[in-house]
Number of protein chains: 2
Amino acid sequence: MNKVFKALSDPTRRHVLELLRTGPMTAGELSDHFEVSKPTMSAHFAVLREADLVDAVKSGRSITYRLKMSVLEDALLSFAGVFGLKIDSNNKEGSSS
Amino acid sequence: MNKVFKALSDPTRRHVLELLRTGPMTAGELSDHFEVSKPTMSAHFAVLREADLVDAVKSGRSITYRLKMSVLEDALLSFAGVFGLKIDSNNKEGSSS
DNA sequence: GATATATTTAGATAATTAGCTAAATATAAA
DNA sequence: TTTATATTTAGCTAATTATCTAAATATATC
């Protein structure tokens, strides 16, 4: 959980997760969205992997990253929960309040 | 919002916020819950103030810190929102799905 | 006014971090 | 089997961070 918050503390890494929300992408595709070098992006991917926020699957010469939504959700949920906030895990747009 | 996530990346600071969830406390009272020195705690308080997650009111020779719940909530809400997660701001325990 | 209490500021250090270029690895294609 | 592509690893640097002790500030009490 600490690793998750550490991972989320960098805006580039948060943006990577946002890019992955709609589906998996390769390291290269992700890198194309940022101004920093590939090795720098690779280091960010490593932090995200270490926090278990993404998984990486190699196919051919590229590596496809996928968001581990449940890990992100659990971290936000358990932290928010301490403050009496609840996270609704419904992906649906139109639910309660 | 970046400052909020930066502030949340440290476990001591997250713990401070948790201590404040039930009500305001002075710098000294908060510090008593941790093993680190007062100046170190003071620096953590400064980061939390800078992120606008707490406010500080001086009365007499102590300083009372109070959690700015709405700021914490807004940050979690807007980030979680990107991923289709919803945070329920009801303090109530027993609400919906 | 002197002393005690609460907190911050100053100044230092060690560890971590985000960034870079260059090189290594692995796979695919020519 | 050479060359091109995708990604990571190695090695470096500058900036930031968490921590400390000592000193400063501000307020209260004696």
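Naming convention: chains lettered A, B, ... in sequence-line order (proteins, then strands); numbering from 1 in each chain.
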Worksheet item: From A:M1 CE over to A:L76 CG, what is the distance, rounded to the nearest 0.5 angstrom?
Response: 9.0 Å
Item to complete: Calculate, to the nearest 0.5 Å, the distance between atoms CE and CG belonging to B:M25 and B:L67 respectively.
Response: 12.5 Å
Atom pairs, protein N/O to nucleotides 11-16 of chain D N/O, distance under 3.5 Å:
none

Worksheet, complete the sentence: Those residues at least two apart in sequence (or on a different chain) that pass side-chain contact (heavy atoms from CB on, under 4.5 Å) with A:S37 are A:P39, A:T40
Worksheet item: Can you name the residues that form a side-chain contact (heavy atoms from CB on, under 4.5 Å) with B:R61, not counting sequence neighbours?
Response: none
Quick one: is [N] close enough that its OP1 or OP2 comes under 4.0 Å of any side-chain N or O from [X]?
X     : N      : result
B:H44 : D:dT17 : no
A:R61 : D:dA4  : no
A:Y65 : D:dA6  : no

To the nearest Å, how far apart are [X] [atom1] and [N] [atom2]?
X     : N      : atom1 : atom2 : result
A:H15 : C:dA18 : NE2   : C1'   : 18 Å
A:F5  : D:dT17 : CZ    : C1'   : 19 Å
A:I63 : D:dT7  : CD1   : P     : 7 Å

Worksheet item: Sequence neighbours excluded, which residues qualify as salt bridge (charged side-chain N to carboxylate O under 4.0 Å, His left out) partners of A:D74?
Response: none
Worksheet entry | Under the salt bridge (charged side-chain N to carboxylate O under 4.0 Å, His left out) test, residues paired with B:K3 that sit two or more places apart | B:E50
Discussion item. For A:H33, give me all partners under ring pair (Phe, Tyr, Trp, His ring centres under 6.0 Å), at least two apart in sequence or on another chain.
Written reply: none
Item to complete: Using ring pair (Phe, Tyr, Trp, His ring centres under 6.0 Å) as the criterion, list what pairs up with A:F5, not counting sequence neighbours.
Response: A:F79
Response to the item:
Of all heavy-atom pairs linking A:L17 and A:V54, the shortest is CD2-CG1, 3.8 Å
Worksheet item: For the residue pair A:K6 and B:S9, what are the closest heavy atoms and their distance?
Response: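 Looking at all heavy atoms of both residues, the shortest contact is NZ-O, 3.1 Å.
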Practice prompt. With the side chain counted from C-beta on, respond yes when A:R49 and A:D55 share a heavy-atom pair under 4.5 Å apart, and no when they do not.
Written response: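 Side chain of A:R49 against side chain of A:D55, heavy atoms only: no contact under 4.5 Å found.
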Practice prompt. Output all residues satisfying side chain to side chain donor-acceptor pair (under 3.5 Å) with B:D52, sequence neighbours left out; order by chain, then residue number.
Written response: B:K68
Worksheet entry | Which residues share a side chain to side chain donor-acceptor pair (under 3.5 Å) with B:K38, sequence neighbours left out |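 None.
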Worksheet item: By a strict heavy-atom criterion of less than 4.0 Å, which residues belonging to residues 45-59 of chain A are in contact with DNA chain D?
Response: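 A:F45, A:R49, in order of number.
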Worksheet entry | Those residues of residues 16-42 of chain A lying under 4.0 Å from DNA chain D by at least one heavy atom | A:T26, A:A27, A:G28, A:K38, A:P39, A:S42
Discussion item. Roughly what angle, to 10°, lies between the helix axis at the start of the helix from C:dG1-D:dC30 to C:dA30-D:dT1 and the one at its end, five pairs per end?
Written reply: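 If I round to tens, the end axes sit 10° apart.
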Worksheet item: A:G60 or A:T12: which one's nearest nucleotide on DNA chain C is closer to the 5' end?
Response: A:T12
